[in-house]
Amino acid sequence: MMMRGNKFTTYKVIKLCNSQGYKAAMGILAVLALPLLLFGISGIIYIYQTVRWLLSKSAVQNKVVVITDATSGLGKECSRVFHAGGARLVLCGRTWEKLETLYDALINVADPSMTYAPKLIFLDISDINCIRDVAKEILNCYGCVDILINNASMKVKGAVQSISLELDKKIMDANYFGPITLTKAILPNMISRRTGQIVLINSIQGKIGIPFRAAYAASKHAAVGFFDCLRAEMEEFDISVSTVNPTFICSYHRQPAPGNWEASIWKFFFRKAAYGLHPVEVAEEVLRTVSSKKQEVLLANPIPRVAVYIRTFFPELFFAIVASGIREKLKTEEES
């Protein structure tokens, strides 16, 4: 009987040990499950983004791509990613020396057997009278244009009463009349070939008006209206129209300005993530937009993105927040 008791006790001990070992193993697996899941998801996302990036580059190979204001921060990065993708670039800018510098930078880092030497065109997009002649030069480079990227833009900041009507017109020429004049000059070539893509690099201020940016916001709103209409009209010719709307494109070396960013409701409502988008981020998104032929892209952190929806569905709330921000700004200026 004693023997049987010992065997039974030993069996219970072994069973208990096995049970405890099982629980310990399950506990370890439970602890590791979340990191393993996150690691797996991260790997899938990385592979997806890599494949998408490679497909984006292959989509522009041998395509004739025109980029206006190619010497700006975003223009340079767009030139870089499209050149690396094997596009036949036509780079436009209003400073010839900067265009030549960009040309040298591109051909020095790329494989000449896989890329094309860019063509350079002098263009001041705000000089409306010369744009049609420049468009002929652009078309003469390769005989056609597959992708037109309207990147040129001019900014101004100030109260409505402090901005002259002449400056309002200059902003409208650079941000609205310039891009649509060039687009209209290139469009017949695309229509005759029944293929092409037009990309407008616009701004979130084409969706919502921000105080002290009246001239700039008005020009961006006008551009959005024009290209929205153009998109619908060009569908029958298989010509796609895309608009890319970033919040704020920062310079390469910009550092955060000193100050209390939490002090103002207005600044909190419209602050930019990490003080703006880097030109590289926006350029890569432009390439993906071209590849996927996405109609509209909003590059914004959650707060400005929510602001767009509030403006659309709850305009009274939006205007109340704007008014509150203005009052607080004026109060802060008076106190300082």
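Here, residue 1 is the first one in the sequence, and each next residue gets the next number. In this text the structure is predicted, and so the values were computed from the model without any measurement.
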Novice: According to a hydrophobic-cluster definition based on side-chain heavy atoms being under 4.5 Å apart (Ile, Leu, Val, Met, Phe, Trp, Tyr only), do Val134 and Leu187 belong together?
Specialist: yes
Novice: From Ile180 CD1 over to Ile198 CD1, what is the distance, rounded to the nearest 0.5 angstrom?
Specialist: 12.0 Å
Novice: Verify the neighbour count for atom CD of Glu137: are there more than 12 heavy atoms of other residues, nucleotides or ligands below 6.0 Å?
Specialist: yes
Novice: Ignoring hydrogens and geometry beyond distance, is a side-chain donor-acceptor pair present between Asp69 and Ser153 at under 3.5 Å?
Specialist: no
Novice: With Phe237, which residues qualify under side chain to side chain contact (heavy atoms under 4.5 Å, CB included), at least two apart?
Specialist: Ile191, Arg194, Met234, Ile239
Novice: Would you say Tyr309 has more than 12 foreign heavy atoms packed within less than 6.0 Å of its OH?
Specialist: no
Novice: Do Leu299 and Ile67 sit in one hydrophobic cluster, given that two such residues count as connected whenever their side-chain heavy atoms are within less than 4.5 Å of each other, even indirectly?
Specialist: yes
Novice: Please identify each residue that fulfils side chain to side chain contact (heavy atoms under 4.5 Å, CB included) with Lys169, with sequence neighbours left out.
Specialist: Leu165
Novice: Locate the shortest heavy-atom distance separating Ile125 from Ala152; write the atom from each residue and the value.
Specialist: CG2-CB, 3.4 Å
Novice: If you count heavy atoms of other groups shown closer than 6.0 angstrom to CZ of Arg132, is the number above 12?
Specialist: no
Novice: Show the nearest heavy-atom pair for residues Ile107 and Pro118, with the distance to one decimal.
Specialist: CG2-CD, 3.9 Å
Novice: If you compare all heavy atoms of Cys141 against all heavy atoms of Ile121, which two are closest, and at what distance to 0.1 Å?
Specialist: SG-CD1, 4.1 Å
Novice: Could you measure the distance from the CZ atom of Arg288 to the OG atom of Ser242? Nearest 0.5 Å is fine.
Specialist: 13.5 Å
Novice: Should Tyr176 and Leu123 be counted in the same cluster of Ile, Leu, Val, Met, Phe, Trp and Tyr side chains packed under 4.5 Å apart?
Specialist: yes
Novice: Output the distance between atom OG (Ser79) and atom CG (Asn151), rounded to the nearest 0.5 Å.
Specialist: 8.5 Å
Novice: Taking all atoms of both residues into account, what is the closest heavy-atom pair of Phe122 and Trp96, and its distance?
Specialist: N-CZ3, 3.9 Å
Novice: Could you check Asn245, Asn202, Val244 and say which one makes a side-chain contact (heavy atoms from CB on, under 4.5 Å) with Glu296?
Specialist: Asn245
Novice: What about Leu200 and Ile204, same hydrophobic cluster or not, with Ile/Leu/Val/Met/Phe/Trp/Tyr joined at side-chain heavy-atom distances under 4.5 Å?
Specialist: no
Novice: Should the heavy atoms of other residues, nucleotides or ligands under 6.0 Å from CZ of Arg94 be counted, would the total exceed 12?
Specialist: no
Novice: Which distance, rounded to the nearest 0.5 Å, do you find between the NZ of Lys63 and the CD1 of Ile147?
Specialist: 7.0 Å
Novice: Any side-chain donor-acceptor pair under 3.5 Å between Thr247 and Asn301?
Specialist: no
Novice: Closer than 4.0 angstrom, basic N to acidic O: yes or no for Lys170 and Asp173?
Specialist: no
Novice: Are Val145 and Val60 co-members of a hydrophobic cluster defined by side-chain heavy atoms under 4.5 Å apart?
Specialist: no
Novice: Between CG of Asp104 and CG of Leu99, what distance do you get to the nearest 0.5 Å?
Specialist: 11.0 Å
Novice: Between Lys119 and Tyr142, is NZ or CZ placed under 6.0 angstrom from the six-membered ring centre and within 45° of the ring axis?
Specialist: yes
Novice: I need the minimum non-hydrogen distance between Ala185 and Ala135, along with the two atoms involved.
Specialist: CB-CB, 3.4 Å
Novice: Write down the atom of Val156, the atom of Arg213, and the distance for their closest heavy-atom approach.
Specialist: O-CD, 4.0 Å
Novice: Does atom CZ of Phe314 have more than 12 heavy-atom neighbours from other groups under 6.0 Å away?
Specialist: no
Novice: For Ala232, enumerate each residue passing the side chain to side chain contact (heavy atoms under 4.5 Å, CB included) test, keeping only those at least two apart in sequence or located in another chain.
Specialist: none
Novice: How long is the gap from CD on Gln61 to OG1 on Thr115, to the nearest 0.5 Å?
Specialist: 10.5 Å
Novice: Begin with the C-alpha distance, continue with both residues' side-chain angles, and end with the deciding distance and a verdict on side chain to side chain contact (heavy atoms under 4.5 Å, CB included) for Val282 and Glu77.
Specialist: CA-CA 8 Å; Val282 183; Glu77 291 303 327; over 6 Å; no
Novice: For the pair Ser72 (side chain) and Gly75 (backbone), establish whether a donor and an acceptor sit closer than 3.5 Å, ignoring hydrogens and angles.
Specialist: yes
Novice: What do the steps show when you test Asp146 against Thr195 for side chain to side chain donor-acceptor pair (under 3.5 Å), and what is the final call?
Specialist: CA-CA 7 Å; Asp146 295 306; Thr195 184; 5.5 Å; no
